[in-house]
Amino acid sequence: MRSDKITEGIDRAAHRGLLHSLGITKNELKKPFIGIASSFSDLVPGHSGMRDLERFIEKGIHSGGGHAFIFGIPAVCDGIAMGHDGMKFSLPSRDLIADCVESVASAHSLDGLVLLSNCDKITPGMLMAAARLNIPCIMVTAGPMMDGKCENQTLTMVKGTFEAVGQVKAGKMTEEQLSKFEISSCPSIGSCQGLYTANTMACLTEVMGMSLPGCASAAAVSSKKRRIAFDSGLKIIELVRENVLPLEIITKESLRNSIIADLALGGSTNSVLHLLAIANEANLDITLDDFEELSRKVPQIIKLDPSSDLTMTDFENAGGIAGALKNLTGKNLGIVDTKGVSGLSISQIAQNAWVDTKVIRTPDDPVTSNPGLAVLYGNIAREGSVIKISGVDADCMKFEGTAKICNSEEEAMALINSDEVKSGDVLVIRYEGPKGGPGMREMLAPTSSIVGKGLGKSVALITDGRFSGGTRGLCIGHIAPEAAAGGTIAYLKNGDRIQIDIEARILNADVSDEEFEKRKREINLLPQKAIKGYLSRYSKTVSSASKGAVSC
């Protein structure tokens, strides 16, 4: 076992002495050492219930014949970090998380890992670490929270808070009603209720086979989640003894399966960044071209909040990921019959699944023939950009408007709040990319305010930053190259006409190449922001969004 490095031989007497100081007996030293990489945090609603899940994972590990060691991993709540400088740390924390898991597991020669995660950047960060370490690993995602209720109205975090703020500012809701909504919209621990980034990544983790069947949609407060945690503790011992490694599960085929599921479910645009980053760690040839290719043939089979009133609770009750796979397999969409940590193949999981086809539709009877996500190219986005089609009204698939330029999210919010953003505008938010932000902030506050003001169908927003999985409306992010790297978005001017054609996958400015070249000679890029510490190091090493915004 890998842990023999610290337990075997006369030269390891000091190591054993330190382990004995933890209360470990001589007999326990012979068992597999399993790390529980726990991202428990009182600061993060999606993670604050993990102490309970740690216990059940630990029980499973010891029942299976291993010895468990819990260690901490940082976690950021995107909702709480949203709308201020804290959001600059969210995406960079993904790479920090991968480094933390790698460092602890390597330094202590652990035989295997149970990766306890839930929210937006923690899950992909842990998957990146699993691919990098390539020791037996299994993921446990802690699950979504209960749906909110206020005066018999179903609420979610986005609709009950961020979008409600926009309604108050538009005079469509009172502050008293907002106060009722905000205290009722998040009634329990867990990840936010819709198919935002946290739940998207939990779903894709299950599809690629790194978590047990049923893990993604089982509620954070459910006994089912406790049982999955216990079974995951048991399973990791089996994976260690059989030396089943992550890179046998995270393959090009399983990642493409995840992309297909992502497109079919209408997941968060952030999943594009994260799947590319995981592929990078696994040294797999997955690019934006894979998303573009598959988006041409994968229809959307379910719409969840924020694009509809259905939540993760409804998805779970309709069959969850197993039900979705049942409807997606055998339909010539490109699903490959890969096998995951459970030992079951996708076809076996699908065969045994129950599905409510009124909620999770079939590709023959989809919600829409469009995929949930699409990659757009053009003279503004020569390396690509990403849009969540599932959040766009059918009447807005083509849009042309006038550019209104902002060099930060704060500038954009000031324009929105002062009613200077009007129908027919294309709000351009730049210098918010991975390098220029730095950290590629999510733009949930601007997008929610636009929707809350009733402008969701008549105003577009484009940015080299990114969006929350809770974003809906005509919002295009991940524009690459970003402004800080000299991308053409840096040389747009107020009044430029912007054309968006989602079906043709085009994002263009009515500006000639010659004019752009002239502007590049006349306009200087904004200087690097005054930053220090981790963000300074991150901004110097981070790659383009089109390559997953990986810091290396």
Side-chain angles (χ1 to χ4, degrees), residues 82-83 85 87-92 94 268-270 272-274 276-277 288 291 373-388 401 403-413 415 425-447 450 460-468 471 473-494 496 498 500 505-509 511 516 519-520 523-529 531 535 538-551:
M82 195 77 65
D85 283 348
M87 179 48 69
K88 293 182 178 182
F89 288 87
S90 174
L91 181 60
R94 182 194 67 186
S268 164
T269 52
N270 288 312
V272 177
L273 288 173
H274 301 326
L276 291 174
L288 279 176
F291 289 85
L373 300 171
V375 179
L376 277 56
Y377 293 92
N379 63 1
I380 302 175
R382 300 188 192 280
E383 291 180 10
S385 60
V386 181
I387 186 168
K388 184 173 182 174
K404 191 159 282 186
I405 308 296
C406 300
N407 288 326
S408 69
E409 180 184 2
E410 287 79 7
E411 284 186 29
M413 285 303 296
L415 288 182
D425 283 343
V426 177
L427 190 60
V428 179
I429 308 179
R430 61 194 183 189
Y431 292 100
E432 289 286 5
K435 187 180 296 292
M440 204 179 183
R441 287 192 287 181
E442 290 183 346
M443 304 290 167
L444 183 57
T447 59
I450 288 169
L461 191 158
I462 68 172
T463 180
D464 55 7
R466 60 194 178 92
F467 298 116
S468 162
T471 289
L474 195 53
C475 303
I476 301 171
H478 305 202
I479 288 175
E482 62 176 291
T488 48
I489 189 173
Y491 304 105
L492 292 176
K493 292 183 176 181
N494 285 318
D496 285 341
I498 309 291
I500 299 166
R505 308 294 196 262
I506 291 172
L507 173 62
N508 261 330
V511 178
F516 269 131
R519 292 181 186 184
K520 286 180 181 180
I523 300 172
N524 294 322
L525 298 179
L526 291 186
Q528 176 70 41
K529 294 168 186 171
I531 50 174
L535 287 182
Y538 179 84
S539 68
K540 293 171 184 172
T541 60
V542 68
S543 69
S544 168
S546 64
K547 300 183 184 302
V550 176
S551 176

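Only a predicted model underlies this, so the values are computations on that prediction, with no experimental measurement involved.
At least one side-chain heavy atom of Glu432 sits under 4.5 Å from a side-chain heavy atom of Ser408. Residues Met87 and Arg466 have side chains in contact (heavy-atom distance under 4.5 Å, counting atoms from C-beta outward). Considering only heavy atoms from C-beta on, Leu91 comes within 4.5 Å of His274 through its side chain. With contacts defined as side-chain heavy-atom distances shorter than 4.5 Å, the pair Arg519/Lys493 qualifies. Side-chain contact between Arg430 and Ile405 is present, with heavy atoms from C-beta onward closer than 4.5 Å. Counting heavy atoms from C-beta on, the side chains of Ile387 and Leu474 come closer than 4.5 Å. Counting heavy atoms from C-beta outward, Val542 and Pro438 have side chains that stay 4.5 Å or more apart. Between Phe467 and Val386, the closest side-chain pair of non-hydrogen atoms is not below 4.5 Å.
Of all non-hydrogen atoms in Tyr538 and Ala549, the two that sit nearest each other are OH-O, 3.6 Å. Minimum heavy-atom separation, Ser539 to Gln528: OG-NE2, 4.1 Å. Across every non-hydrogen atom of Leu273 and Ala545, the tightest pair is CD2-O, 3.5 Å. When every heavy atom of Val428 is checked against every heavy atom of Ala403, the shortest pair comes out as CG2-CB, 4.2 Å. Residues Ala509 and Ile498 share a closest heavy-atom pair of CB-CD1, 3.9 Å. Heavy-atom minimum distance, Ala445 versus Met82: N-CG, 4.5 Å.
Among Ile429, Leu427, Ile380, the single residue meeting the side chain to side chain contact (heavy atoms under 4.5 Å, CB included) criterion with Ile462 is Ile380. Partner of Ser385 under the side chain to side chain contact (heavy atoms under 4.5 Å, CB included) criterion, out of Leu288, Thr269, Leu507: Leu507 alone.
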### Task
Give the intermediate values and the outcome of side chain to side chain contact (heavy atoms under 4.5 Å, CB included) for residues Cys475 and Met443.
CA-CA 9 Å; Cys475 303; Met443 304 290 167; over 6 Å; no

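The pair Arg441-Glu410 meets the salt-bridge criterion, since a charged nitrogen lies less than 4.0 angstrom from a carboxylate oxygen.
A donor-acceptor distance shorter than 3.5 angstrom exists from the side chain of Thr488 to the backbone of Asn379, with no hydrogens or angles considered. A donor-acceptor pair under 3.5 Å links the side-chain atoms of Lys529 to the main chain of Gly436, judged by distance alone. One N or O on the side chain of Asp464 and one on the backbone of Ala483 form a donor-acceptor pair closer than 3.5 Å. No side-chain donor-acceptor contact under 3.5 Å links Lys388 to the backbone of Leu373.
A distance of 7.0 Å separates OG of Ser544 from CD of Glu482, quoted to the nearest 0.5 Å. Taken from CG in Asn407 to CG in Leu526, the straight-line distance is 5.0 Å, to the nearest 0.5 Å.
Listed by chain and number, the residues in a side-chain hydrogen bond (donor to acceptor under 3.5 Å, both in side chains) with Thr447 are Thr471 (sequence neighbours excluded). Annotation: side-chain hydrogen bond (donor to acceptor under 3.5 Å, both in side chains) contacts of Ser551 (sequence neighbours excluded): Thr541.
Using modelled atom types and a 3.5 Å distance limit, the side chains of Glu442 and Ser90 yield no donor-acceptor pair.
By the 6.0 Å contact criterion, NZ on Lys88 is enclosed, its count of non-hydrogen atoms from other residues, nucleotides or ligands being greater than 12. Taking a 6.0 Å sphere around NZ of Lys520, one finds it holds more than 12 heavy atoms contributed by other residues, nucleotides or ligands.
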